[in-house]
Enquirer: 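I am attaching a structure below and will ask some questions about it afterwards.
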Amino acid sequence: MSEINQYTVNFGPQHPSAHGVLRLILELQGETISKIDTHIGLLHRATEKLAETKPYNHSIGYMDRLDYVSMMCNEHAYVRAIEKLLNVEAPIRAQYIRVMFDEITRILNHLMWLGAHALDLGATTVFLYCFHEREKLMDCYEAVSGARMHATYYRPGGVYRDLPESMPQYEVNPWRSKKEIDALNQNRQGSLLDFINDFIDKFPSVIDDCERLLTENRIWKQRTVNIGTVNAELARELGFTGPLLRASGVDWDLRKHQPYAVYDQLDFDIPIGTKGDCYDRYLVRMEEMRQSVRIIRQCVEWLAVNKGPVIINDHKIAPPKRVEMKDDMEAMIHHFKLFTEGFHTPPGEVYASVEHPKGEFGVYIVSDGANKPYRLKIRPAGFSHLQSLEKICKGVMLADLVTILSSIDIVFGDIDR
Amino acid sequence: MLDVMFHIAFLVLQALLILVPVLICVAYYTLAERKVAAYIQGRVGANRVGWRGLLQPFADALKFINKEYIKPAEANSGLFYLAPIISVTTAIAGWAVIPVAPGWVAADIHAGILYIFAVTSLGAYGIIIAGWASNSKYAMFGAMRAMAQIISYEIAMGFALVGVIMLSGSMNFSDIVNAQAGGIWHWYLWPLLPLFVVYVICGLAETNRLPFDLAEGEAEIVAGYMVEYGSIGFMLFFLSEYANMLLISAIGSLLFLGGWQSPFDHIVFLGYLTQWVPLVIWFILKTFFMAFLIIWVRWTFPRYRYDQLMMMGWKTLIPTTLVWLPLVGLYIKVAGL
């Protein structure tokens, strides 16, 4: 008799279900996993170190590139940390805009997750449905910041500019008729708020479509129910946050329990799971999308009637208006100083976090009084979620590993930083 | 001498008459798959090559042929080259006994069903050899999965076909179709409905289609047994997969949907109206309907897990057929067929 050895398989970093550049070294017995060795760091870009070498306001763009499917939420944590350090507060309109875009980002992220998760389980069509909707949200990003992904829209003390009065339009091209273009542009005639309003009217039916394909589907349930179960206690021990923690039955959401921005003035519910398996995580995220729609609707209603500044008037922190710079020396100097030297913060340390679509995303800054952070530490949600992999996946089958991996929603931008 | 040569020439011509239409159908089946998928997903699909993308399959084929044929250094070269050939040969060989209209068949043999069974089972060797010869772990997984899957689903499928053999009393496809003459109510679909469902499910599993495409399972084992294949090797696997799907559709339409029989025979007005339709058209329509069903299922459902698939095969499908077969037997006894 020959000795039966374990089968060692290299899973990733080019594996289609590795969600980026995860590398797992699996030891298998048949198709059952007996050991997982997780290798991370293939997307390390030294964001923290880079941020320590630049003035505060230069690093906002780096935050977009951390978790590159929920860009503005990363920015929010960073600008909130700086605001805390400077002891300033953004105007109320800016807070509402931030909340609205945080929730748009949450939908963006959850759509991406749903598409990828369904794709990993073989349901290809859901992926396309999700990306169809993401496209519209990307257009909102584009309208407000000029960039579809890496917006750099939030600034210390507010947001870069007020919501635009017009939407970018589809242009005439050889592949589509004039009529088709007009149909595509039909909901882009008004302001950005009108477009978002139109989107949230239609979006719940898209969630319904996806749910019809998946929620009661026998195969989907067989693949997700009781797979990768994490109970509440284990979830706390492993440092879970966000939808994963809530799917395990723990009522914890920073938006409710440590409200920031204007979340305490908005009406929304927090979905909680019971078992903490992949199916619960799926249900929690689906419901979160519906709640995000509710929040966005309230923000849109508020923003439509309440005008006001969107960034503080302190030109030591926020740049002066272009018009003022034309004939005001003071404004000119402020502009020059702000864009070359930035601003100095009082010495101290500060931690600010937001309820990121994936969990708690925190930024910890130690300042020595200079114009750049002495130390910047990023607390990504995905990192602590990924470390649970070995614990949850022991003894499951190869196909379930893929399910669990995609259900914990990892993006390597913020895990490797 | 001249006699023999004439005979051989006749055989070759006959083979070509099957091969060419089948290959064209397979080529356009790949395009149909892309188009149907696109419309299911709210896209447009291939529409750049030719009018509405109609030349796309040929562009694909040209592209495959132009690619370099890469063989992994550690692969077993003889078997590595042999595997796709086995796959495609068996997939096309099955068409020899498929009658498309009365008398339009290359080999009208008595044991047609047995022949089909033997040939499609041989197709598993292509997959197994490909997985083994590639000398890659993922390919090996694919081959192992395919092996287990095909063997267990062959049994349920066999039982499903036994029902047809019992009702018609023949294993010859032409006889089976003739036994279903007389309009839509005489098709074996109705008395054998559970067996038809089992047949469709097993057909999906046999051809490695979603929700049973575990041997390929791109999310888990990337492309399974064909992970190391590129160029023509991949094309042949691709071709054999689609040829197999069409074969399964054709057999399904012959055995359960009455083959070339018009559904409106002996129906007062419609039967008269559709009398002019050539019989082969009915066969083609039914086959395409089955083929469409396969595409439709693929773009709707998620994928089963390996053990769940085996469980379904052994614990659901085989018992279903085992219950239905005695009932069919009883029916034959009572009705005195």
Side-chain angles (χ1 to χ4, degrees), chain A residues 7-12 14-19 25-28 30-33 115-133 135 175-176 180 206 209 212-215 217-225 227 282 396-403 405-406, chain B residues 33-34 36-45 47-48 52-53 136-145 147-149 201 204-205 208-224 227 295-312 315-316:
Chain A
Y7 207 45
T8 308
V9 170
N10 191 26
F11 184 98
Q14 293 103 335
H15 194 284
S17 303
H19 286 248
I25 296 178
L26 306 175
E27 283 188 11
L28 303 169
E31 289 221 6
T32 310
I33 292 160
H117 191 45
L119 197 62
D120 281 347
L121 267 68
T124 329
T125 300
V126 177
F127 178 75
L128 270 295
Y129 285 2
C130 292
F131 268 63
H132 200 258
E133 295 309 303
E135 197 62 22
W175 310 116
R176 286 184 198 272
E180 280 176 303
V206 178
D209 281 347
R212 261 199 293 277
L213 277 170
L214 302 176
T215 308
N217 187 321
R218 281 178 64 115
I219 305 178
W220 180 264
K221 284 180 95 166
Q222 282 187 6
R223 288 296 307 276
T224 54
V225 174
I227 304 295
Y282 158 77
V396 304
M397 297 190 79
L398 184 61
D400 288 339
L401 168 72
V402 173
T403 314
L405 193 60
S406 63
Chain B
E33 164 113 58
R34 294 171 67 171
V36 172
Y39 284 113
I40 286 176
Q41 298 172 343
R43 299 185 281 121
V44 179
N47 68 346
R48 284 287 166 270
R52 301 208 164 200
S136 149
K137 290 178 177 177
Y138 283 101
M140 189 64 202
F141 267 124
M144 264 158 49
R145 284 176 171 198
M147 212 158 16
Q149 178 180 335
I201 294 174
L204 289 171
N208 285 321
R209 289 288 288 185
L210 225 102
F212 309 106
D213 69 337
L214 300 169
E216 285 156 42
E218 82 254 32
E220 299 139 29
I221 49 173
V222 198
V227 69
I295 297 178
W296 189 8
V297 166
R298 169 166 183 188
W299 298 103
T300 311
F301 287 120
R303 179 184 300 119
Y304 267 109
R305 202 175 66 203
Y306 177 58
D307 58 326
Q308 292 167 345
L309 172 94
M310 303 297 285
M311 195 105 91
M312 190 167 108
K315 291 192 175 168
T316 313

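A, B, ... follow the sequence lines: proteins, then strands. Residue 1 opens every chain. The analysis underlying the following values was restricted to heavy atoms, covering all of them including side chains, and did not include hydrogens, waters or symmetry mates.
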Enquirer: Nearest 0.5 angstrom please: Arg145(B) CZ to Glu31(A) CD, how far?
Expert: 4.0 Å
Enquirer: Spell out, as yes or no, whether a donor-acceptor pair under 3.5 Å connects the side chain of Thr124(A) to the backbone of Trp299(B).
Expert: no
Enquirer: By side chain to side chain donor-acceptor pair (under 3.5 Å), which residues pair with Asn47(B), not counting sequence neighbours?
Expert: none
Enquirer: Using 0.5 Å steps for rounding, measure from the CZ atom of Phe212(B) to the CD1 atom of Ile219(A).
Expert: 6.5 Å
Enquirer: Evaluate the side-chain proximity of Thr403(A) to Arg305(B): yes if any heavy-atom separation is below 4.5 Å, no if none is.
Expert: no
Enquirer: Just how far is it from atom CE of Met311(B) to atom CD of Gln222(A), taken to the nearest 0.5 Å?
Expert: 8.0 Å
Enquirer: So which of Asp400(A), Val126(A), Leu214(A) has the biggest tally of heavy-atom pairs under 4.5 Å with chain B?
Expert: Asp400(A)
Enquirer: Taking atom CZ of Arg43(B) as the centre, does the number of heavy atoms from other residues, nucleotides or ligands within less than 6.0 Å exceed 12?
Expert: yes
Enquirer: Heavy-atom distance under 4.5 Å to chain B: side chain of Ile227(A), backbone, both or neither?
Expert: side chain
Enquirer: Quick one: NE2 on His132(A) to CD on Gln41(B), what's the gap to the nearest 0.5 Å?
Expert: 11.5 Å
Enquirer: side-chain contact (heavy atoms from CB on, under 4.5 Å) with Val9(A): which residues, sequence neighbours excluded?
Expert: Tyr7(A), Leu28(A), Lys137(B), Tyr138(B), Phe141(B)
Enquirer: Counting only heavy atoms closer than 4.5 Å, note whether Tyr304(B) contacts chain A via side chain, backbone, both or neither.
Expert: both
Enquirer: Looking at Asn217(A), Leu213(A), Asn10(A), which one has more heavy-atom pairs under 4.5 Å with chain B than the rest?
Expert: Asn217(A)
Enquirer: Sort Gln308(B) into side chain, backbone, both or neither according to what part of it lies under 4.5 angstrom from a heavy atom of chain A.
Expert: side chain
